[in-house]
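Below: the structure, in structure tokens.
It should be emphasised that the depicted structure is a prediction, and the values quoted were computed from it without experimental measurement.
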Amino acid sequence: MYWIRLVLGVLMTVVALGMAGRRLGYLYRVGKAGQPIEPGRRSSTGEMVKAEAVEVAAQRKLLRWTGPGLAHAAVFWGFCVLLLTVLEAFGALFDEKFQLPVVGNWPILGFFEDLFALLCIAAVIAFTIIRINNSPKEEGRKSRFFGSHLGPAWFVLFMIFNVVWTVLFTRGAQINAQNVGGFSLSAADNPDGPLKFLRGAFASQWIAQLFEPLGHRANEILETVFLLLGLAVLLGFTVFVTYSKHLHILASLPNVAYARRPRALGAALPVYSNGKEVDFEDPGEDDLMGVGKIEDFTWKGLLDFATCTECGRCQSQCPAWNTGKPLSPKVLMMGLRDHALAKAPYLTASEEARESLPDDVKALAEVPLVGATGYAEDNPLGAYTATGPDAVIDSDVIWSCTTCGACVEQCPVDIEHVDHILDMRRHQMLIESAFPEEASVMLNNLEHSADPWGRGASKRLDWAEGLDFEVRVFGLAGEDKIPDDVDYLFWVGCAGALDETAQRTTRAVATLLHEAGVEFMVLGDGESCTGDPARRIGHEFLFQMLAKQNVEILNEAGAKRIVVTCAHCFNTIANEYPQVGGTYDVIHHSTLLAQLVKDKRLTPVNRVEQSVTYHDPCYLGRHNRIFTPPREVLLGIPGMRVQEMERTRERSFCCGAGGARMWMDENLGSRINLNRTDEALAQQTDVVAAACPFCITMLGDGIAQRQAEGLTRQVEVTDIAELLLRSVRPDQAPEPAEPAGATPVS
């Protein structure tokens, strides 16, 4: 039996590891076909180790979903512990009494190995229940597994079960085979037995008791059979992993290590070509402008696609998918991965060798990455065609994205969905000139009037009319630098200056700052759009133009501390302007107001007997982690009763305005803002509050539509600053505004 298991075990190992190694080598060559990663992508060794410890070892993101998270943690840690049994199994090929050095005599080792083996079986049962309860056959596209490769997923659960039972059966037979003269693992009967560590292996002992009546010789044979069967299962599983979506078991390690830190949210990356940032003032002839082919992604992007676990957490949180649009972040990653693998023979071949490739492989080089796939609305998976022939990804997919970041937030393996969508948009915008027609008005207004509405700089101080104090305007008194007595430059923003609803917020914030004795100054007609809509729609050239113009003005004025009311302006100035030479101390008005109340420079005294539910803006909350200050403001108002929506904080549902969607028609599926509005209305509150003018406009639209459809009760949508003002200075607080639609683009 010794020679049988040695020869067969070694032969299986060499063949299986050879097949897996060959596949991994091939995938590595495919990855090398991608672009170099951008400078600064690699974190310090300490940050990488911390990321692996927190996200891989501790399973932090997975445990946000308690049930599935615990099941996955049981499998992950179960396999980590059971790797010791794998070492024992390979050692047993050469020495029947093999034990691990040092720990091999510890009974506690056998206990933990058996404990985690049973936990793995419990996890398999849990996963089975989860998959049955979330079956796409029953739930349709509501299931987070809709579009996933279900067959391989069930096969993996089956293989996990096989790995565990073969381990336990091998150890059970091993106990009987190596304890001659009767089954006994007690310290008194066998103090120095060869399997001392198995005293604590309670599950293996149960199985040993079942096998004991078969006799010593039969148990020797069973030990060899189960040992070889277990190795065959494990090695076969290893090969399968390299050919399936379970490659994430290996790919997640480097993917987490090279992820953007602290997260792939907040700032959008500049445009890179061949690992260098593109200079839009003097671009190179061969510079890539975004991603137009699969090989235009960086190798980290290709690694993202290979790392996708198809868990569907991103899909379940995506506002586009949840409102009937074809965009599924999960299926997008799967589609790009499948296309990369289909095109791999072309990508890995030399120029000479490509001529001899099959015609269908060479044809993939001509298939557009983004275009019209001809999908039907009732078949969203038809928007993803790995081999074309018309396009790989339908254009509706990338233009449905609001860049809210819910997918990135939920992904347990740090995939950067938003970055990839933005890069594909850039190519469509800058190279193909293929973008939603209705966005052209907004882009034209940005280019010629420096605001999305096209109203011009002369209107940027209209909001200040009627205030009972003077608003200081930079340059009006001949200043060439912001005076030292000015605490903050107040960046009003396009919406805050030009949109009627947002002007109310601007006046409220200005009044509160004046009441608190905070000296502030505005740029007036010196302000331009930060460029957020241009960058998020993919028009990087226009963003660069606007951003550099603003940075030049801010730097010349000596701006240091800036307060902002718009979540999008806040994100752009704080996180993206450093890319073009503008680094400032930027604070959102919700944070500043909360601090002023805490410092008693603002004192809410008037009771505001209203109930309110707060909506977390994506670019304030998920992108920038500002969750508490807006709530502190609301909770500090006497009489105010705050009720949370079901989806809140990190899991807040988008209003639908991000990613430049504010200026594009929503003609697929249902409206995102109505989905969020209905959730807010379900709270039965008097007020829906937010801290971003985009959100207030979209939620106001939603309330107005529901009232037109028969909603009888009055619900106000407003900024937290207006609510605070009613308590601090009720004489200056305007009457609640009627819900109104978005200000039209002219």
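Closest non-hydrogen pair, Ile672 versus Pro319, comes out as CG1-O, 3.8 Å. Closest approach of Leu369 and His339 over heavy atoms only: CD1-CD2, 4.1 Å. Heavy atoms only, all atoms of each residue included: Ala33 and Leu347 are closest at CB-CB, 4.0 Å. Counting all heavy atoms, side chain and backbone alike, Thr13 lies closest to Gly9 at OG1-O, 2.7 Å. Closest non-hydrogen pair, Arg622 versus Ala406, comes out as NE-N, 3.5 Å. For the pair Leu82 and Cys120, the tightest heavy-atom approach, listed with the atom from each and the gap, is CD1-SG, 4.4 Å.
With sequence neighbours excluded, no residue forms a salt bridge (Lys or Arg N to Asp or Glu O under 4.0 Å) with Lys245. Judged as a salt bridge (Lys or Arg N to Asp or Glu O under 4.0 Å), and not counting sequence neighbours, the contacts of Asp419 are Arg260.
Atom-to-atom distance recorded for Leu265:CG and Thr403:OG1 is 9.5 Å, nearest 0.5 angstrom. Distance check: Arg23 CZ to Thr238 OG1 gives 14.5 Å after rounding to the nearest 0.5 Å. The line from CD1 of Ile130 to CD1 of Ile125 is 12.0 Å long, rounded to the nearest 0.5 Å. Going from atom SG of Cys401 over to atom NZ of Lys325 covers 12.0 Å, rounded to the nearest 0.5 Å. Here SG of Cys411 is found 12.5 Å from NZ of Lys330. Values are rounded to the nearest 0.5 Å.
The closest side-chain heavy-atom distance from His248 to Cys308 is not below 4.5 Å. Considering only heavy atoms from C-beta on, Val418 comes within 4.5 Å of Cys407 through its side chain. Residues Val156 and Phe237 form a side-chain contact, since some pair of their non-hydrogen atoms from C-beta on lies under 4.5 Å apart. Proximity of Leu341 to Leu27: side-chain heavy atoms (C-beta onward) are separated by under 4.5 Å at one or more points. Under the 4.5 Å side-chain criterion, counting only non-hydrogen atoms from C-beta, Phe79 is in contact with Ile160. Trp154 places a side-chain heavy atom less than 4.5 Å from the side chain of Arg131. Counting heavy atoms from C-beta outward, Tyr26 and Pro345 have side chains that approach closer than 4.5 Å. Within the 4.5 Å cutoff, the side chain of Arg625 has heavy atoms near those of the Arg263 side chain.
In this structure, the side chain of Arg313 does not engage the main chain of Gln410 through any donor-acceptor pair within 3.5 Å. A donor-acceptor pair under 3.5 Å is formed between the side chain of Thr242 and the backbone N or O of Val239. Without hydrogens or angle criteria, Arg144 side chain to Ser316 main chain gives no donor-acceptor distance under 3.5 Å. In this structure, Asn255 contributes its side chain and Ala251 its backbone to no donor-acceptor pair below 3.5 Å. A side-chain donor-acceptor contact under 3.5 Å links Ser148 to the backbone of Glu310. In terms of modelled atom types and a separation under 3.5 Å, the side chain of Gln35 and the main chain of Gly275 share no donor-acceptor contact. At distances below 3.5 Å, not a single donor-acceptor pair connects side-chain atoms of Ser143 with backbone N or O atoms of Glu139. Not a single donor-acceptor pair under 3.5 Å links the side chain of Trp77 to the backbone N or O of His72. Side-chain atoms of Asn219 come within 3.5 Å of backbone N or O of Gly215 as a donor-acceptor pair. In this structure, Asn162 contributes its side chain and Val233 its backbone to no donor-acceptor pair below 3.5 Å.
By the 30° and 60° cut-offs, the orientation of the rings of Trp321 relative to Phe146 is tilted. The aromatic rings of Phe240 and His246 sit tilted, their planes meeting at an angle between 30° and 60°. Relative ring orientation between Phe158 and Phe155 is described as tilted, the plane-to-plane angle lying within the 30° to 60° band.
For the pair Arg676 and Phe653, the cation does not sit on the ring face, since its NZ or CZ is not both under 6.0 Å from the ring centre and inside 45° of the axis.
Here the rule is side-chain contact (heavy atoms from CB on, under 4.5 Å) with Val397, and of Leu332, Val392, Ile421, Val331 only Leu332 fits it. Exactly one of Asp114, Thr85, Thr166 qualifies for a side chain to side chain donor-acceptor pair (under 3.5 Å) with Arg171. That residue is Asp114.
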>> Would Phe305 and His420 count as a ring pair (Phe, Tyr, Trp, His ring centres under 6.0 Å) here? Give the steps.
In response: CA-CA 10 Å; Phe305 311 151; His420 303 319; 5.3 Å; yes
> Can Tyr272 and Thr298 be said to form a side-chain hydrogen bond (donor to acceptor under 3.5 Å, both in side chains), step by step?
Replying inline: CA-CA 9 Å; Tyr272 288 96; Thr298 64; over 6 Å; no
> Hey, mind stepping through Met48 and Val256 against side chain to side chain contact (heavy atoms under 4.5 Å, CB included) and telling me if it holds?
Replying inline: CA-CA 8 Å; Met48 286 184 171; Val256 168; over 6 Å; no
> Can Leu168 and Leu118 be said to form a side chain to side chain contact (heavy atoms under 4.5 Å, CB included), step by step?
Replying inline: CA-CA 9 Å; Leu168 294 177; Leu118 295 182; 4.3 Å; yes
>> Applying side chain to side chain contact (heavy atoms under 4.5 Å, CB included) to Thr402 and Cys618, what does each step give before you reach the verdict?
In response: CA-CA 10 Å; Thr402 66; Cys618 300; 5.8 Å; no
>> Does Leu247 form a side chain to side chain contact (heavy atoms under 4.5 Å, CB included) with Leu24? I'd like the steps, not just the answer.
In response: CA-CA 10 Å; Leu247 183 65; Leu24 291 175; 4.0 Å; yes
> Does the pair Asp414 and Lys300 meet the rule for a salt bridge (Lys or Arg N to Asp or Glu O under 4.0 Å), with working shown?
Replying inline: CA-CA 11 Å; Asp414 286 347; Lys300 171 59 172 66; over 6 Å; no
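Phe211 and Phe169 have their aromatic ring centers within a separation under 6.0 angstrom. Taking the centre of each ring, Trp299 and Tyr258 come in below the 6.0 Å mark.
Tyr384 and Ser328 share no donor-acceptor pair across their side chains, judged by distance under 3.5 Å alone. In this model, no donor atom of one side chain and acceptor atom of the other lie less than 3.5 Å apart for Asn322 and Arg141.
Salt bridge present: Glu416 and Arg41 bring a charged side-chain N and a carboxylate O closer than 4.0 Å. Salt bridge annotation for Arg64-Glu409: present, with a cationic side-chain nitrogen under 4.0 angstrom from a carboxylate oxygen. The pair Glu644-Arg631 meets the salt-bridge criterion, with a side-chain N (NZ, NE, NH1 or NH2) lying under 4.0 Å from an Asp/Glu carboxylate O. Using a 4.0 Å cut-off between charged side-chain N and carboxylate O, Arg651 and Asp616 make no salt bridge. Salt-bridge annotation for Lys343 and Glu295: present, with a side-chain N of the basic residue lying under 4.0 Å from a carboxylate O of the acidic one.
Surrounding CZ of Arg22 are at most 12 heavy atoms belonging to other residues, nucleotides or ligands under 6.0 Å away.
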